[in-house]
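Remarks on the structure that follows.
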Amino acid sequence: MMRVRFAPSPTGYLHIGGARTFIFNWLYARRHGGTMVLRIDDTDIERNTQTSLDSIFDGLNWLDLGWDEFYRQSDRLDLHTKSAWAIFEKGMAYRDFTPASAAPAEDSPGGWLFNPGMRELSREESDRRAAAGEPFVLRYRVPRETRADVVVPDLVYGNVTKATADLEDFALLRSTGVPTYHMASCADDADLRITHILRGQEHLANTFKHVLIFEALGVDVPKTAHLPLLMAPDGAKLSKRKHGPVVSVTTYRDAGFLPHAFVNFVSLLGWSPKNDIEKMTREQMIELFSLEGINRANATINFTDEDPFDPKAVWLNAEHLRSLELDDLAAQLGPFVTQQFPNATPEKIRAVTPLIRERIRLLREVNTVADFFFLDQLAPYDPAELIPQKGDAAMAKRVLTKAREVLADVPAFNHDSLDAALRGAAEELKIKAGQMFQPIRVAACGRKNAPPLFETLEVLGKETVLPRLDAALGIL
RNA sequence: GGCGCUAUCGUCUAAGGGUUAGGACAAGGCCCUCUCAAGGCUUAAAUACGGGUUCGAAUCCCGUUAGCGCUACCA
């Protein structure tokens with residue numbers, strides 16, 4: 001049975017990179033009928049915050065993908081500690097009594113591999129000093145004498161090799177007795193029977209240590225698949241600290257991305273279905289997902305200070321928006337509209353939906369594209385806008401007067417009668433249809449760009465349109 | 001510094017010994033059109049550099065350069 005896991009540490013909000021790791025794990029599990037484990041790696045009590053944990057759940061829940069099992073690493077501390085001591089008992093780790101401040105300089109030749117003298121300490125001596133209360137860290141004893149290198153058979157990067165001579169004796173337990181990340185992570189992966197680890201490439205270099213720990217634990221080494229990193233346009237690895245909320249998934253949510261559109265966009269960063277398909281349903285993504293399609297080069301997300309969203313993400317969102325059923329889209333739009341226009345009714349929003357479906361790319365844009373449907377009073381606009389192409393103020397006045405008259409007694413205030421009435425009026429005035437429509441559009445919507453006129457007037461309704469025509473006439 | 005990884009249009013990517021190096025986003029143009037969109041057509045745009053191997057290299061090998069990552073008693 002395949003088992004994968006996503007193991008965030010609650011030290012900041014869920015960002016795009018984390019979301020992508022989650023998504024790839026999820027996709028891989030679903031593709032192969034495996035189990036998706038969510039594990040909160042919260043062993044770093046110093047940096048953990050509840051806010052961060054909440055934010056991670058916010059983000060994950062919004063993604064709407066779900067998971068099968070849940071664990072908190074802090075509940076499993078005992079396991080990690082016992083695992084470390086088991087390694088010690090096998091003679092594969094030793095106590096290092098060197099005070100943290102006395103550690104050799106990182107670049108002193110050979111010295112950084114371990115602290116001199118400590119790995120040769122006899123067991124008796126080691127036990128005696130420990131019993132005397134001398135603080136120590138527990139270090140893994142890298143078998144440099146018996147083994148030339150460690151090989152990571154990565155599913156994405158292939159066999160990656162590192163000489164044991166280049167591996168330092170890394171810590172398993174801190175001097176406080178608390179397990180390090182490497183120890184805790186491997187002990188948990190082993191205990192939870194994780195079979196495949198998909199994670200960011202920043203962990204590739206750590207994996208050599210992990211292989212050693214798994215072997216020391218006497219378990220099968222999980223297969224790893226490292227993912228290329230997500231970079232910011234400034235060339236640095238995407239990070240919450242450096243790039244701020246633009247990388248938080250809640251930023252996407254609040255701007256009106258559809259969860260699936262976001263998932264779709266993110267999945268295309270470092271992975272390709274290799275068939276030129278970009279817009280995919282969830283089912284298609286599951287069907288097409290494979291480790292073969294994962295790239296090895298880092299991917300840059302294209303955002304700027306002015307626009308935090310990659311244009312392709314926005315485009316994909318627009319695509320998914322357009323393929324939503326009108327009722328669904330109206331429901332998605334609801335919260336965004338009522339946030340700004342508390343009096344907007346669901347019926348009104350539903351009526352407006354077909355008119356804006358192809359005109360918004362983010363849900364929140366409903367408030368700028370369709371505000372005039374929900375406003376009682378139009379914001380002031382430049383009367384010059386009312387003047388049609390190749391026309392003048394006099395023409396605008398004639399158009400609006402005529403429109404006022406025709407619309408007042410049009411048989412029904414719907415698309416077809418409005419079409420007939422207004423085209424007829426244009427003919428009577430001997431002007432082009434466009435010259436007829438533009439002043440009316442501006443009078444009704446308060447600006448030049450809006451959805452098609454007849455539908456717009458129909459949704460606005462006679463009781464709204466007539467006063468707005470009067471108002472326009474008033475400022476001409 | 002040491003070690004590891006990577007390098008195709010501005011961005012995401014396809015092609016993995018033989019292609020006019022393909023697609024998408026963004027940009028430009030044209031068409032459609034009551035405006036704005038959407039849609040259709042179209043233009044410009046890339047194999048980091050240098051050596052090999054080969055009849056033939058974006059693709060395999062070596063080197064250079066550049067970028068990124070790791071190098072903690074952080075995760």
Decide whether [X] and [Y] meet the rule of one side-chain donor and one side-chain acceptor closer than 3.5 Å.
X      : Y      : value
A:D169 : A:Y94  : yes
A:N414 : A:S417 : yes
A:R199 : A:T207 : yes

- Query: In residues 152-160 of chain A, what residues come within less than 4.0 Å of RNA chain B, judged by heavy atoms?
  - Reply: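 The answer is A:Y157, A:V160.
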- Message: Applying side-chain hydrogen bond (donor to acceptor under 3.5 Å, both in side chains), can you list everything that pairs with A:D154, at least two apart in sequence or on another chain?
- Response: A:T224, A:H226
- N/O donor-acceptor pair, side chain A:R423 with base B:C34, under 3.5 angstrom: no
- Message: Distance criterion of 3.5 Å, no angle test: do you see the side chain of A:R296 paired donor-to-acceptor with the base of B:C5?
- Response: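 Such a pair does not exist between side chain and base.
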- Message: Counting only side-chain nitrogens and oxygens, does A:K274 get under 4.0 Å of the OP1 or OP2 atom of B:A15?
- Response: yes
- Message: When you measure from the side-chain N and O atoms of A:T180 to the phosphate of B:A75, is any distance below 4.0 Å, counting only OP1 and OP2?
- Response: no
Does the pair [X]/[Y] count as a salt bridge with the N-to-O cut at 4.0 Å?
X      : Y      : answer
A:K312 : A:E278 : yes
A:K402 : A:E428 : yes
A:K162 : A:D149 : no
A:R147 : A:E215 : yes

Which atoms of nucleotides 21-29 of chain B (N or O only) lie under 3.5 Å from a protein N or O atom, and what are those distances?
from	atom 1	to	atom 2	distance (Å)
B:G22	N2	A:D276	OD1	3.3
B:G23	N2	A:E278	OE2	3.2
B:A24	O4'	A:E278	OE2	3.0
B:A24	N3	A:K312	NZ	2.8
B:C25	O2'	A:K312	N	3.3

- Query: So which of A:D41, A:D188, A:I197 actually passes side chain to side chain contact (heavy atoms under 4.5 Å, CB included) with A:R5?
  - Reply: A:I197
- Query: Got a second to check how far A:I87's CD1 is from A:L172's CG, nearest 0.5 Å?
  - Reply: 5.0 Å
So what does [X] touch, heavy atoms closer than 4.0 Å: a base, only the sugar-phosphate, or nothing?
X      : value
A:R47  : base
A:E365 : nothing
A:N295 : sugar-phosphate

- Are the ring centres of A:F303 and A:F309 closer than 6.0 Å? no
Taking N or O atoms only and anything under 3.5 Å, show me the protein contacts with nucleotides 59-67 of chain B, one pair per line.
none

- Note on the structure: Quick note, side-chain hydrogen bond (donor to acceptor under 3.5 Å, both in side chains) partners involving residues 429-442 of chain A, not counting sequence neighbours, are A:Q438-A:R441
Using the [atom1] atom as the point on both nucleotides, what is the distance between [M] and [N], in whole Å?
N     : M     : atom1 : result
B:A45 : B:U11 : C1'   : 12 Å
B:G40 : B:C25 : P     : 9 Å
B:C32 : B:C68 : C1'   : 47 Å
B:A72 : B:A14 : P     : 34 Å
B:C31 : B:C49 : C1'   : 44 Å
B:C5  : B:C9  : C1'   : 24 Å
B:A37 : B:G29 : P     : 13 Å
B:A75 : B:U6  : C1'   : 24 Å

- Can you find a heavy atom in the side chain of A:V142 that is under 4.5 Å from one in the side chain of A:Y140?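 They are in side-chain contact.
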- Item | Nucleotide nearest A:N449 when distance is taken to its side chain, options B:C73, B:C36, B:A38 |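 For the A:N449 side chain, the nearest candidate turns out to be B:C36.
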- Query: Which nucleotide sits closest to the side chain of A:A297: B:G69, B:A75, B:A7?
  - Reply: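 From the listed options, B:A7 comes nearest.
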Could you write out each protein N or O paired with an N or O of nucleotides 31-33 of chain B at a distance under 3.5 Å?
none

- Task: Begin with the C-alpha distance, continue with both residues' side-chain angles, and end with the deciding distance and a verdict on side-chain hydrogen bond (donor to acceptor under 3.5 Å, both in side chains) for A:Q50 and A:D54.
- Result: CA-CA 6 Å; A:Q50 184 61 37; A:D54 293 344; 3.0 Å; yes
